[in-house]
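Take a look at the structure set out below.
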Amino acid sequence: MPELPEVETVRRGLMAVFEGATLIKAEQNRADLRFPFPKDFVARLEGHKVHSLGRRSKYLLADIEADKVLIMHLGMSGSFRIETEQTKKMPGLFAHTRSKNEKHDHVAFHLAPPNAPNVKVIYNDPRRFGFMTLAKRSTLETHPLFEKLGIEPLGNALNGAFLSKRFANKKTPLKAALLDQRIVAGLGNIYVCEALWRSGLDPRRSANTISGRSGNGTKATERLAHDIRATLHDAIEAGGSSLRDHVRADGSLGYFQHTFAAYDREGEPCKRLGCDGTIQRIVQSNRSTFYCPSCQR
DNA sequence: CCATGACCCTGTAAGC
DNA sequence: TGCTTACAGGGTCATG
């Protein structure tokens with residue numbers, strides 16, 4: 001589930017408890033998630049201070065003293081929740097959900113923030129497509145996970161010229177090209193659908209065909225670059241506001257409600273002003289694509 | 001290089 | 001109320 005906006009929302013929610021805190025204890029409840037945990041995972045974390053909590057694409061990166069970085073990926077179903085004395089004692093509104101899910105609590109970090117009571121941060125992941133590992137901070141860019149990763153979609157590197165260049169000669173459909181993490185890193189199935197809808201582009205169209213002008217006269221790649229950024233920004237804002245300080249009443253962090261224009265709206269009317277089309281669902285690269293055949297061309 | 005499908009794993013919703 | 005099937009927002013790998 002979590003794409004870049006969700007991961008960014010989780011990062012903001014965890015920042016306050018991670019940054020400057022000492023990792024006094026870590027618990028690891030199984031040997032592996034998607035991948036095995038590194039050797040001595042817990043021991044290599046305990047007793048160390050966390051400098052900062054960052055993000056690259058859909059990866060959360062905790063900078064830890066002594067040139068270490070804790071890499072965390074949420075996969076499809078990963079989420080965090082924060083337990084304090086308060087949330088622990090909170091009566092049963094979420095008790096049912098919680099007990100049901102507790103068997104998927106795989107990791108817990110006990111953190112001592114500089115000027116606040118200790119907290120416990122719990123990682124829960126039913127499908128276990130997420131993972132955690134440790135790396136050297138100073139050589140992170142050459143780490144196998146990051147070596148081939150494309151640009152951040154929220155930075156200045158994403159613009160029309162970049163897309164024009166990377167999409168030239170690409171006959172692959174726009175949908176697949178935008179899902180390719182080696183070009184732009186952090187987009188997933190939902191936000192690719194949403195960005196293409198905003199730009200009025202048909203997801204089936206070959207990537208190399210959008211170097212021309214779009215309807216309003218701007219270059220189509222420029223419009224797409226702009227719409228990708230706008231889509232992500234809006235989703236991050238929605239995440240922030242819907243979580244109230246990014247933490248729900250029960251301490252959970254992860255998914256948030258968001259209204260989509262195309263994604264998961266098969267058979268429903270297109271939301272574009274003046275368009276009377278109906279959202280269709282097709283399958284591309286073995287995944288659902290939602291789009292409006294009448295205004296996405 | 002590209003496209004496709006299988007796979008990793010569990011939970012949920014829909015259909016019978 | 002089962003039971004079965006399809007599908008889910010992540011990514012990787014083998015194959016044609």
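Numbered from 1 within each chain, the chains take letters A, B, ... in sequence-line order.
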- Item | Donor-acceptor contact below 3.5 Å, side chain Q181(A) vs main chain G186(A) | yes
Atom CZ of F131(A) and atom P of dG11(C) are separated, to the nearest Å, by 9 Å
Worksheet item: Does Y263(A) put a side-chain nitrogen or oxygen below 4.0 Å from OP1 or OP2 of dG9(C)?
Response: yes
To the nearest angstrom, the CZ-C1' distance between R287(A) and dG11(C) comes to 9 Å
N124(A) atom CG is separated from dG10(C) atom C1', nearest whole Å, by 16 Å
Q. Do any side-chain nitrogens or oxygens of K103(A) fall under 4.0 Å of OP1 or OP2 in dT10(B)?
A. no
In short, salt bridge (charged side-chain N to carboxylate O under 4.0 Å, His left out) pairs touching residues 266-289 of chain A with sequence neighbours left out are R265(A)-E268(A)
side-chain contact (heavy atoms from CB on, under 4.5 Å) test vs F167(A) passes for just one of N208(A), L224(A), T172(A), namely L224(A)
Using atom names, set out every protein N or O paired with an N or O of nucleotides 12-14 of chain C below 3.5 Å, distance rounded to 0.1 Å.
unit_1, atom_1, unit_2, atom_2, d
dT12(C), O4', R34(A), NH2, 3.3

Just N and O in the side chain of R281(A): are any of them under 4.0 Å from OP1 or OP2 of dA8(C)?
yes
Notebook entry, point to check: For dA3(B), does OP1 or OP2 lie under 4.0 Å from any side-chain N or O of K170(A)?
Noted result: no
Using the benzene-type ring in the case of Trp, are the ring centres of F290(A) and F260(A) under 6.0 Å apart? no
In whole angstroms, the gap separating P of dG10(C) from CD of E6(A) amounts to 9 Å
Given the P atoms of dA6(C) and dA6(B), what is the spacing between them in whole Å?
-> 12 Å
Contacts of A168(A) meeting side-chain contact (heavy atoms from CB on, under 4.5 Å) (sequence neighbours excluded), chain-then-number -> none
* Touch check for N286(A), heavy atoms < 4.0 angstrom, all strands: base, sugar-phosphate only, or nothing? -> base
Checklist entry - Under the 3.5 Å rule, do the base of dC9(B) and the side chain of R127(A) count as making a donor-acceptor pair? => result yes
Taken to the nearest whole Å, CZ/R128(A) to P/dG11(C) is 19 Å
Taking OP1 and OP2 of dG11(B), is either one under 4.0 Å from a side-chain nitrogen or oxygen of H104(A)? yes
The nucleotide from dC2(B), dG9(C), dG11(C) with an atom nearest the side chain of E3(A) is dG9(C)
P203(A) meets the side-chain contact (heavy atoms from CB on, under 4.5 Å) criterion, sequence neighbours left out, with K175(A), L196(A), Q284(A), T289(A), Y291(A), Q296(A)
Phosphate oxygens OP1/OP2 of dT4(B): is one of them under 4.0 Å from a side-chain N or O of S285(A)?
no
Annotated structure of DNA chain B as dot-bracket, pair cut-off 3.5 Å, Watson-Crick or G-U only, | for inter-strand, is .|||||||.|||||||
Between CD of Q284(A) and C1' of dT4(B) the distance, given in whole Å, is 13 Å
Whole-Å distance, L179(A) CG to dC2(B) P, equals 14 Å
Residues pairing under salt bridge (charged side-chain N to carboxylate O under 4.0 Å, His left out) where one sits in residues 50-76 of chain A, two or more places apart or in two chains, turn out to be E8(A)-R55(A), R55(A)-E152(A), R56(A)-E152(A), D63(A)-R137(A)
ask   = Is there a stack between F129(A) and dC9(B), judged by ring centres under 5.5 Å and planes under 30°?
value = no
Tracing side-chain contacts under 4.5 Å among Ile, Leu, Val, Met, Phe, Trp and Tyr outward from I122(A) reaches none
Applying side-chain hydrogen bond (donor to acceptor under 3.5 Å, both in side chains) to H106(A) and not counting sequence neighbours gives none
When rounded to whole Å, the CG to P distance for the pair L187(A) and dG10(C) reads 10 Å
K25(A) meets the side-chain contact (heavy atoms from CB on, under 4.5 Å) criterion, sequence neighbours left out, with E27(A), E46(A), H110(A)
